[in-house]
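Read the structure below first, then the notes.
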Amino acid sequence: MSYVDGVVAAVPEANKDAYIEHARQAAAIFREYGAIAVAECWGDDVPEGKINSMHTAVQRKDGEAIVFSWIIWPSREIRDAGWSRMMDEGRMADQEMPFDGSRMIFGGFNMVLEA
């Protein structure tokens, strides 16, 4: 069963080009360690909710865009091994993030439908 890492972040709109370059570099590393797909999506139609929304979840500030990303792995085991090797190697830690990573939401999910 495939496994997906999902991410929601608030990225300064002024850093869009830097974010895309950061994402390209990270995607190459993810693929090297077993990911089968990486997607980066820059928010275009992300409404603010009355109770909660992606905006409030990441504490979006004026001038920031919502970014939604995911990494698809063949399995949880391959994902766990890949992340472990990436962290041991250090290239991911050397990446400078063009956004406040402390407000990023990250989670791992078992894929139950791939249509």
Side-chain angles (χ1 to χ4, degrees):
M1 176 184 310
S2 295
Y3 198 80
V4 178
D5 285 324
V7 177
V8 179
V11 179
E13 292 169 357
N15 291 355
K16 184 175 183 179
D17 290 339
Y19 179 84
I20 292 169
E21 182 55 32
H22 164 78
R24 276 193 186 107
Q25 292 174 14
I29 296 169
F30 293 137
R31 303 269 316 207
E32 183 179 329
Y33 285 97
I36 56 178
V38 178
E40 297 288 343
C41 307
W42 194 263
D44 178 54
D45 183 17
V46 186
E48 293 194 48
K50 293 182 184 199
I51 296 174
N52 198 6
S53 67
M54 289 182 172
H55 296 261
T56 57
V58 296
Q59 300 174 358
R60 187 189 67 81
K61 299 176 182 174
D62 287 340
E64 291 182 327
I66 300 295
V67 172
F68 176 54
S69 310
W70 63 91
I71 307 161
I72 301 176
W73 303 88
S75 67
R76 167 81 189 260
E77 294 75 25
I78 292 172
R79 176 262 205 170
D80 289 351
W83 272 109
S84 178
R85 291 191 331 261
M86 282 187 287
M87 294 299 109
D88 289 346
E89 179 204 51
R91 276 189 292 169
M92 289 301 287
D94 293 341
Q95 295 265 329
E96 184 175 329
M97 294 194 304
F99 62 97
D100 180 358
S102 71
R103 294 185 284 134
M104 176 176 67
I105 297 171
F106 176 88
F109 303 85
N110 287 306
M111 187 179 291
V112 295
L113 174 67
E114 188 170 0

Same apolar cluster (I L V M F W Y, side chains within < 4.5 Å links), I71/V8: no

Common cluster, M104/V38, ILVMFWY with side-chain heavy-atom separation under 4.5 Å: yes

Which residues share a ring pair (Phe, Tyr, Trp, His ring centres under 6.0 Å) with W70, sequence neighbours left out: F68

Heavy-atom closest contact (S2 atom, I72 atom, distance): CB-CG2, 4.3 Å

Taking every non-hydrogen atom, the tightest pair across I78 and P74: CD1-CB, 3.6 Å

Spacing of OH belonging to Y33 relative to CH2 belonging to W83, to within rounding of 0.5 Å: 12.0 Å

Straight-line distance of D100 CG to Q59 CD, nearest 0.5 Å: 8.5 Å

Atom pair CD/NE2 of E96 and H22 - distance to nearest 0.5 Å: 10.0 Å

With D80 via side-chain hydrogen bond (donor to acceptor under 3.5 Å, both in side chains) - residues at least two apart: R76

Cluster overlap M97 with I66, hydrophobic side-chain contacts below 4.5 Å: no

Using atom types as modelled, flag every donor-acceptor pair under 3.5 Å from a side chain in residues 106-115 to any protein atom, sequence neighbours excluded.
none

Nearest-0.5 Å distance, CD1 of residue I29 to CE of residue M86: 8.0 Å

Check: I36 main-chain N/O paired with R31 side-chain donor or acceptor under 3.5 Å: yes

Closest approach of V67 to S69 (non-hydrogen atoms, all atoms of both residues): CG1-OG, 3.6 Å

Partner set under ring pair (Phe, Tyr, Trp, His ring centres under 6.0 Å) for Y19, not counting sequence neighbours: F99

Set of residues satisfying side-chain hydrogen bond (donor to acceptor under 3.5 Å, both in side chains) with respect to R60, sequence neighbours excluded: E48, H55

Which residues share a side-chain hydrogen bond (donor to acceptor under 3.5 Å, both in side chains) with T56, sequence neighbours left out: N52

Distance-minimising heavy-atom pair for W42 and E13: CZ2-CA, 4.0 Å

Shortest non-hydrogen contact from P98 toward V11: O-CG1, 4.0 Å

Crowding at CZ, R24 (>12 non-hydrogen neighbours, <6.0 Å): no

Same cluster (ILVMFWY, side-chain, under 4.5 Å), V58 and M54: yes

Side chain to side chain contact (heavy atoms under 4.5 Å, CB included) between E77 and Y3, intermediate numbers included: CA-CA 9 Å; E77 294 75 25; Y3 198 80; over 6 Å; no

Distance in Å, N15 CG paired with E64 CD, rounded so as to fall on 0.5 Å steps: 9.0 Å

